[in-house]
There are 2 protein chains.
Amino acid sequence: MQMRYAPSRDHGGAMAMNDKTPPDENADQAAGGEANPPTLKTIAFMTGLGVTTVSRALKDAPEIGAATRQRVQLVARQIGYRPNRAGVRLRTGKTNVISLVLDTEEQVGGFVSDLIYGISEALAQTPYHLVVTPYSRNNDPLEPVRYVVETASADGVIISRTEPDDKRVRYMTERGMPFATHGRTHMGIDHAFHDFDNHAYSIEAVKKLAALGRKRLALLAPPSNLSYYHHMRDGFADALMEHGLSEVPFPMATVDHSIEDIRKQTVELMRRPNRPDAFVSGAGAGTFALVAGIEEAGFRIGQDVDIVSKQSSKLLHLLRPQLYVVNEDVRLAGAELARAVLGRIAGRDIGALQSLSKPKAVEAYETPGSGKDDTT
Amino acid sequence: MQMRYAPSRDHGGAMAMNDKTPPDENADQAAGGEANPPTLKTIAFMTGLGVTTVSRALKDAPEIGAATRQRVQLVARQIGYRPNRAGVRLRTGKTNVISLVLDTEEQVGGFVSDLIYGISEALAQTPYHLVVTPYSRNNDPLEPVRYVVETASADGVIISRTEPDDKRVRYMTERGMPFATHGRTHMGIDHAFHDFDNHAYSIEAVKKLAALGRKRLALLAPPSNLSYYHHMRDGFADALMEHGLSEVPFPMATVDHSIEDIRKQTVELMRRPNRPDAFVSGAGAGTFALVAGIEEAGFRIGQDVDIVSKQSSKLLHLLRPQLYVVNEDVRLAGAELARAVLGRIAGRDIGALQSLSKPKAVEAYETPGSGKDDTT
DNA sequence: TGCAAGAACTGTAACGTTTCACATTGTGCC
DNA sequence: GGCACAATGTGAAACGTTACAGTTCTTGCA
């Protein structure tokens, strides 16, 4: 698949061998050596054009003749030309990078993996790279964002752990940095986001528990500074009201607490006289702790207590088949978030870049072997 | 914290206002406007030096006077100078990027999150960014690596899912790309790695099961193409021999299979006449499936069957307290891997960049509340 | 025929950095 | 006094790209 350096097409006008200098020592005709990666200059030399023309031709600029354009693009493809990221970035400021800002204390459960995979998938067919920018929950969450903005080290940012009044959102909006949030805000700023509908989730969860005849419900909620705390809590409260159920407050535990803490708090809660007879849980890992605490206090899931839990992995039914679960597709969330930032970067309308993922129905355990068993 | 542009220190020789042009419109003395980020030129202008001198002074080059060096560094610090990554990269080829190459079908369990957090932590105090380069298990694992090498888009690479004869290792070694592997190889190539000692792990696991009086053990192993399959299997076999136990083959399930598949296979295995009375499991998520399968077949953990399992999260004891676990610190692995690549990039000796993490002792469930209870 | 206008292409400069080869001192030594 | 030589600093060029301001043709039209 060898391209000749001075094509003899008698097609465009002056095609005489010109004096353009070949890029460095590439002149030794592809002698099987360690050829440096081709640049615009390489293509310019091969086609006999100027680098400006080549640059333009590759991005379909209108002032380049159709024949030339095709010729350049053909050559570029043949020799596997890839624009040098540093060159582009230096000249234009465009980094082709999306920064995912992550809290490194994030709870277990594959949440982060799935998010990253989802984003990666969406970015795969684009020139964008994904860089992970971590921060510790103890530090200012604004700091990593400020870093990215100040150093202009990404074209777009994805953040999670969104708060109702989120300074990162305000900051990036002010600075004009495209971004998308995992979770919504309530601060009068319109921005791209993807969110799981936790309001609907807790309504469904309560409905399920009501149908099971449960009366006194506790909520294992997110930390109260996060937006989805409010969504989940509001849905919970609304549904309690609607079904005439009461809440057993459980303020000492959130999904951010350690497994150990949640377990302890649950034991304590269950030993109270007015213990709950059901839980709605905001996170899979937390549910592990809930179950442990409940059983340690001497009660049984599905009998004394029912639990509806969100989960992003599929492990809960293996923990206790009696659990009711709602699956949250975090991988999808990642893909949506990527789509959203890319949209913002491309200048698309914010309205089109906001999505809410409705929870599926509450699932009970489906006894295995009920499907077709293929062997023996 | 305002720096004057023409400092009046009568210290170094000629300090007269020179003709060097101020960088773009920064000349309007920090008028509260959107000042562009400072560059070498900015510092050169402020100090009255040439950009070459400034560049040298900042990297402690020997041909710069101590006084000048300090002066430059002071100014740089004051105005918050950060080298422009694109500039450096274009000029030197150095990207200040570490690429983590990940299989996006990776099993659940927070493995990836922890790895990333570990790496991030180690990278935090360096100029390095972490970019995640995904690939699908269906595609050629060499492809993402080739991409990184060909486009020189990172200074170093971390790979996992290492095979005994790993073409990625060969490729990167040939191309001189610094890298570290999560897992060892056996191909006569010396390279940086971090690994968990799975050989020791399965020996400990078998020992534990032997002590419990178990006789017929099955192994939920990694897929046989991966290096640690052999380590784990060899340790398993050695220990069986030593303790005079026998193996019940369990070849139809590996830790890479879906939860569902493992569960099914386990049920089938347990219904055989010569069912195992114990398992050694290579992964936490797999153990969930094992437990489900065992119980579905009508047996009880801790009674009819014992299991020793590796885990990276801390959930197994909440699943069944009767399980025996060995914790694998993946976050540590991440940090070690980062240290290792950085070491390779710095040209350090390979020998110093190989580490093996010994398993801790096999842990039984510690009944909660046995420690100090602080409330009530 | 002359000329304006368009089409097609080009060179130069710039982004911020480092490297190279060179310039300007002052200093020690004979 | 002259000279070599450190010590210290310097401008220019280059990395690969794109934007700007031309330049060279061809073509249409008065």
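By convention in this document, chain letters (A, B, ...) are assigned in the order of the sequence lines, proteins followed by strands, and residues within each chain are numbered from 1.
Of the charged side-chain nitrogens involved, none lies within less than 4.0 Å of a carboxylate oxygen, so that B/R146 and B/E143 do not count as a salt-bridged pair.
Comparing B/K59 and A/G87, the nucleotide of DNA chain C nearest to each residue sits closer to the 5' end for A/G87. Across the interface with DNA chain D, nearest-nucleotide mapping of B/V54 and A/R91 shows B/V54 to be the residue nearer the 5′ end.
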Could you give me the CA-CA distance, side-chain angles and deciding distance for A/L100 and B/V132, then say whether side-chain contact (heavy atoms from CB on, under 4.5 Å) is met?
CA-CA 10 Å; A/L100 172 63; B/V132 174; over 6 Å; no

Given side-chain contact (heavy atoms from CB on, under 4.5 Å), test B/V72 with B/L58 step by step and report yes or no.
CA-CA 7 Å; B/V72 169; B/L58 286 177; 3.9 Å; yes

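For the pair A/L90 CG and C/dA14 C1', the computed distance is 9 Å after rounding to whole Å. Rounded to an integer number of Å, the gap from A/N36 CG to D/dA14 P is 16 Å. For B/K41 and D/dT10, the NZ to C1' distance is 16 Å, given to the nearest whole Å. The distance from atom CG of A/N84 to atom P of C/dT17 is 17 Å, rounded to the nearest whole Å. Nucleotide C/dG16 holds its C1' atom 13 Å from the CG atom of B/L58, rounded to whole Å. Nucleotide D/dT8 holds its P atom 13 Å from the CG atom of B/L49, rounded to whole Å. Atom CD of A/Q70 is separated from atom P of C/dC9 by 13 Å (rounded to the nearest Å). Across the protein-nucleic acid pair, B/N96 atom CG and C/dG16 atom P stand 18 Å apart, rounded to whole Å.
Residues A/S120 and A/I116 are in side-chain contact: their nearest non-hydrogen atoms beyond the backbone lie under 4.5 Å apart. The shortest side-chain heavy-atom distance between A/Y117 and B/P134 does not fall under the 4.5 Å cut-off.
Residue B/T68 places at least one side-chain N or O closer than 4.0 Å to OP1 or OP2 of D/dG9. Note on A/T92: every side-chain N or O is 4.0 Å or more away from OP1 and OP2 of C/dC15.
Closest to the A/V88 side chain, of the nucleotides D/dT17, C/dT17, D/dG9, is D/dT17.
Residue contacts for B/R56: at a heavy-atom cut-off of 4.0 Å it reaches a base atom on one of the strands shown. The residue B/T53 sits close to a base: some heavy atom pair falls under 4.0 Å. B/I64 comes within contact range of the sugar-phosphate backbone alone, with a heavy-atom separation under 4.0 Å but no base atom that close.
The base of C/dT19 lies close enough to the side chain of B/T52 for a donor and an acceptor atom to sit less than 3.5 Å apart.
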